[in-house]
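Computation of the quantities below employed the complete heavy-atom set of this structure, encompassing side-chain atoms and omitting hydrogens, waters and symmetry-equivalent molecules. Atoms within a ligand are numbered from 1 in the order they appear, just like the ligands themselves.
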Amino acid sequence: MSLHNRRVLLVITGGIAAYKSLDLIRRLRERGASVRAILTDAATRFVTPLAVQTLSGNRVYSDIFSLTDESEMGHLRLARDADLVVVAPATADMLAKMAGGIADDLASTALLATDRPILVAPAMNHRMWLHDATHANMALLEARGVKRIGPNSGALAEGETGPGRMAEPLEIVAAIETLLSAGPLKGRRALVTSGPTHEAIDPVRFLANRSSGKQGHAIAAALAHAGAETVLVSGPTAEPDPVGVTVHRVESARDMMKACEAALPVEIAVCAAAVADWRVEAASHKLKKTGAPPALKLTENPDILRTLSHAGNRRPRLVVGFAAETENLIAGARKKLASKGCDWIVANDVSPGTGVFGGDANIVHIVDAAGVEDWPALSKREVAERLAARIAHFFAA
Ligand code: C5P
């Protein structure tokens, strides 16, 4: 009952994804949450108030001018009597109204009147999602603190493909759990690095590596889910920003270092990024193909993990590094533990054929002063959850 006694106000707006909101209601109630729902007029064309009312176990609100609604529960109380307001699906129209402060029906009025955190799950045709207007509205809302989950990419209702599918009910539930978390790391601050870095060769070329950022992003999501206030410093990746996590996107190792230092103080640091060991003395103009190939002059990059591990009185209480090796995994990890000065090393075998780089699975070994813990083959998400649990256990001890 991860959402026991939590009150969710669910605003359902008029999109075909509204049918998934029925399942969302069930999932929330299974976890102990109480759900009140507001339907826009358009939403009632896609799902019936009766279905929503039956599943939520509460009467459904949709008309701002309803005398009975107002006498039972005024729209202001409706807006504030919740721990979280979730808009799912959130149409382009509703995002525009929210951004513009328009309040012309019960749903938009409640969203303007609420002082509770808001999570939106956008769902629309990909052209609408990618339109500058929607992009600007969403950016404005996020800058004001509205949280977003999705949209996912895939097949859309009209037979087209692209970003615009509403996040799945269980993904929305996980985001809600993160935002309402009373988990074991509540009150603690965490920093996670993720992804590769790009080191410029000239204004158009760069050196990079195959890191996808999947493991680092999953760790940030798991720490936030466990209640930690989490900052994710990420190199260029295609991974979406985890909900409830403050994300700083950077390119180079030096930018990553700066963003990490700016995030201090934290109690937990997990360095999962594949930081380029070297950078290039970059040319200020595009190198030409004429003549002999240019010689790249490499300089060593700052070591973020080592710097954090030796940050004096700003040192996080727990610093976790990664060791991606193709041979002598454990011996290499032990060496790294000492040379970096961190507390734990998560060692993983990235030999070709393991599919770890870019894949969804991972086999890791946790190396610390006490010894080695071998974990079975797990998904990167499971590795992240187990790591967050181990971190919570460390702080509880
Ligand atoms: O030195 P190596 O790259 O093998 O060490 C890997 C660990 O060190 C990872 O945790 C990685 O995030 C971190 N690292 C770092 N800054 C660097 C190089 C590696 O934080 N410049």
Side-chain angles (χ1 to χ4, degrees), residues 190-200 206-220 222-223 230-237 239 247-264 266 268-281 298-311 314-316 318-351 354 356-358 362 364-368 372 375 380 383-384 387-388 390-391:
L191 167 66
V192 179
T193 70
S194 180
T197 63
H198 285 182
E199 308 295 332
F206 56 82
L207 289 184
N209 60 65
R210 293 187 193 281
S211 167
S212 63
K214 281 185 182 163
Q215 187 63 79
H217 277 58
I219 291 167
L223 290 172
T230 306
V231 175
L232 171 65
V233 179
S234 172
T237 79
E239 288 296 295
V247 183
H248 297 295
R249 291 190 173 265
V250 297
E251 294 231 332
S252 70
R254 284 186 295 175
D255 294 343
M256 188 173 272
M257 180 81 253
K258 268 191 223 138
C260 287
E261 281 178 329
L264 296 180
V266 298
I268 304 154
V270 181
C271 292
V275 184
D277 293 312
W278 309 285
R279 67 175 175 276
V280 186
E281 273 184 21
L298 301 179
T299 317
E300 198 163 326
N301 262 331
D303 191 311
I304 299 166
L305 176 60
R306 185 175 292 132
T307 307
L308 292 173
S309 299
H310 294 92
R314 283 159 69 81
R315 186 192 194 277
L318 181 68
V319 183
V320 183
F322 271 70
E325 305 278 354
T326 53
E327 52 200 3
N328 299 330
L329 187 58
I330 302 300
R334 282 222 170 84
K335 256 194 216 147
K336 208 153 280 181
L337 195 65
S339 70
K340 304 272 188 177
C342 59
D343 303 297
W344 304 350
I345 286 279
V346 181
N348 56 350
D349 187 347
V350 292
S351 307
T354 59
V356 168
F357 255 149
N362 212 350
V364 306
H365 313 269
I366 312 292
V367 182
D368 62 13
V372 182
W375 288 5
K380 287 184 176 172
V383 167
L387 190 65
R390 199 180 199 268
I391 291 171

Query raised in the report: Just wondering, do K336 and V367 contact through their side chains at under 4.5 Å, heavy atoms?
Result: no
Query raised in the report: Can the positive tip of R390 be found less than 6.0 Å from the middle of the six-membered ring of W344, inside 45° of the ring normal?
Result: yes
Requested in this report: Give a yes or no on whether R306 atom CZ has more than 12 heavy-atom contacts from other residues, nucleotides or ligands under 6.0 Å away.
Outcome: yes
Report task. Just jot down the ring-ring contact (aromatic ring centres under 6.0 Å, His included) partners of H365, sequence neighbours excluded, or say none. Result -> none
Under 3.5 Å: N or O atoms of ligand 1 paired with protein N or O:
unit_1	atom_1	unit_2	atom_2	d
ligand 1	1 (O)	K340	NZ	2.8
ligand 1	4 (O)	K336	NZ	2.4
ligand 1	5 (O)	K340	NZ	3.2
ligand 1	8 (O)	K340	NZ	3.3
ligand 1	10 (O)	C271	O	2.7
ligand 1	10 (O)	F322	N	2.7
ligand 1	10 (O)	F322	O	3.4
ligand 1	12 (O)	C271	O	3.2
ligand 1	12 (O)	A273	O	2.7
ligand 1	16 (N)	I304	N	3.0
ligand 1	20 (O)	I304	N	3.4
ligand 1	20 (O)	L305	N	2.8
ligand 1	21 (N)	P302	O	2.8

Query raised in the report: Roughly how far apart are T326 OG1 and N348 CG, rounded to 0.5 Å?
Result: 11.5 Å
Query raised in the report: Can you tell if the side chain of L191 reaches within under 4.5 Å of the side chain of V233, non-hydrogen atoms only?
Result: yes
